[in-house]
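Report on the following structure.
Because the structure is a prediction, the values reported are computed rather than measured. Below, chain A is the first sequence line, B the second, and so on; all start at residue 1.
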Amino acid sequence: MQPAAHITTSELKGRPVVAHDWPHDAPSCRRIQQALAERVDTQDDLPPVQTIGGIDIGFEDGGRTTRAAAVVLDAETLEVREKALARVPTRMPYIPGLLSFREIPGALAALEQLSALPDLALVDGHGIAHPRRLGVATHLGLVTGLPTIGVAKKRLTGQHDDVPNERGAWVPLLDKDETIGAVLRSRVSVKPIFISAGHRVSLESALAWTLKALTRYRLPETTRVADRLASNR
DNA sequence: GCGACAG
DNA sequence: ATCTTGTCGC
């Protein structure tokens with residue numbers, strides 16, 4: 001009999017959050033994911049959104065050091081309000097399906113450096129478009145209480161039809177008969193991106209906010225600014 | 001057993 | 001993710 005995943009509920013700045021032991025082995029990670037998945041909220045439960053955040057992680061020293069970037073943009077003008085970069089020792093290798101356990105420690109360190117958290121955060125990687133519905137965007141939302149959206153450049157799981165070659169066109173990402181996300185053509189003639197609900201945000205709102213953060217590039221501005229910082233460009 | 005596999 | 005320069009296509 002496996003020991004139960006130790007999960008507790010708490011509160012952060014008035015918001016319900018979840019805390020849990022930080023595992024180091026894959027089987028423990030998967031057990032925690034299964035337990036956490038029950039607490040995910042894919043209904044809209046967000047404050048008036050005045051700022052949107054971007055979270056992205058990069059690495060240095062051949063992966064030994066994690067560089068985590070958290071940026072805050074004005075939701076209306078997309079003007080950059082604040083940037084934070086944290087460098088922490090990397091604790092886990094990359095294992096498909098367990099990305100959040102590798103990236104969240106750094107993300108939390110970067111968020112802590114911000115003078116004010118964003119009202120909503122777009123996270124690099126998937127939200128519920130994950131084998132156990134607990135991608136990095138969803139996991140980070142649960143742990144911080146922040147409304148989150150998953151914005152990924154590649155598919156992890158699920159099937160989808162071709163996306164029409166028109167800016168803003170999208171098709172559902174399906175797992176069996178369940179819609180777990182959307183495959184979005186963010187601009188003409190580029191590979192589509194994968195949008196999914198993270199936590200406290202519906203897929204419809206996730207798409208709407210992603211479109212609001214898009215300008216002339218494939219990725220939303222939040223992701224671009226955070227990526228530039230995390231990868232030292 | 002074989003192929004797929006976010007960052 | 002990261003290692004890396006020029007180059008093909010819209």
Length of the line joining A:Tyr217:OH and C:dC10:C1', which is rounded to integer Å: 16 Å
Pair A:Trp22 and A:His20, ring centroids less than 6.0 Å apart: yes
Sugar-phosphate, base or nothing in reach of A:Leu98, heavy atoms under 4.0 Å: base
Residue-phosphate contact under 4.0 Å: A:Arg155 side-chain N/O, B:dC5 OP1/OP2: yes
Integer-rounded Å distance: B:dA6 P and A:Ile95 CD1: 13 Å
Sugar-phosphate, base or nothing in reach of A:Val136, heavy atoms under 4.0 Å: base
Aro-ring/base stack A:Phe194-B:dA6, d under 5.5 Å, angle under 30°: no
Helical stems, DNA chain C - three or more consecutive Watson-Crick or G-U wobble pairs below 3.5 Å: none
A:Glu178 atom CD, over 12 foreign heavy atoms within 6.0 Å: yes
Nucleotides 1-6 of chain C: protein proximity per nucleotide (B base, S sugar-phosphate only, - neither; heavy atom, under 4.0 Å): SS----
Set of residues satisfying side-chain contact (heavy atoms from CB on, under 4.5 Å) with respect to A:Ser10, sequence neighbours excluded: A:Val17
For DNA chain B, the dot-bracket pattern of Watson-Crick and G-U pairs whose distances stay under 3.5 Å, | for other-strand partners: .......
Over 12 foreign heavy atoms within 6.0 Å of CD, A:Gln43: no
side-chain contact (heavy atoms from CB on, under 4.5 Å) evaluation trace for A:Val143 with A:Leu108: CA-CA 9 Å; A:Val143 167; A:Leu108 293 177; 4.2 Å; yes
Sugar-phosphate only, base, or nothing, as touched by A:Gly97 at under 4.0 Å among non-hydrogen atoms: base
d(CE, A:Met92; C1', B:dA6) in whole Å: 14 Å
Rounded interatomic separation in angstrom, taking CG from A:Leu173 and P from B:dA6: 13 Å
Gap between atoms CZ and P, on A:Arg30 and B:dA6 respectively (whole Å): 14 Å
Pairs touching residues 205-233 of chain A that satisfy ring pair (Phe, Tyr, Trp, His ring centres under 6.0 Å), sequence neighbours left out: none
In residues 54-62 of chain A, what donor-acceptor pairs under 3.5 Å come from side-chain atoms, sequence neighbours left out?
residue : atom : partner : partner atom : Å
A:Glu60 : OE1  : A:Arg87 : NE           : 3.3
A:Glu60 : OE1  : A:Arg87 : NH2          : 2.2
A:Glu60 : OE2  : A:Arg67 : NH1          : 2.7
A:Asp61 : OD2  : A:Thr65 : OG1          : 2.9

Beyond-backbone contact of A:Arg81 with A:Leu73, side-chain heavy atoms, under 4.5 angstrom: no
salt_bridge(A:Asp124, A:Lys153) N-O dist < 4.0 Å: no
Minimum-distance pair of heavy atoms, taken over all atoms of A:Asp41 and A:His199: N-ND1, 3.1 Å
Heavy atoms from other residues, nucleotides or ligands near NZ of A:Lys212 exceed 12 (cutoff 6.0 Å): yes
Distance, rounded to the nearest Å, where A:Lys191 contributes NZ and B:dA6 contributes P: 11 Å
For atom CD of A:Gln159 and atom P of B:dA4, their distance in whole Å: 14 Å
For atom OH of A:Tyr94 and atom C1' of B:dA4, their distance in whole Å: 10 Å
Neighbour count above 12 (heavy atom, 6.0 Å) for A:Asp162 CG: no
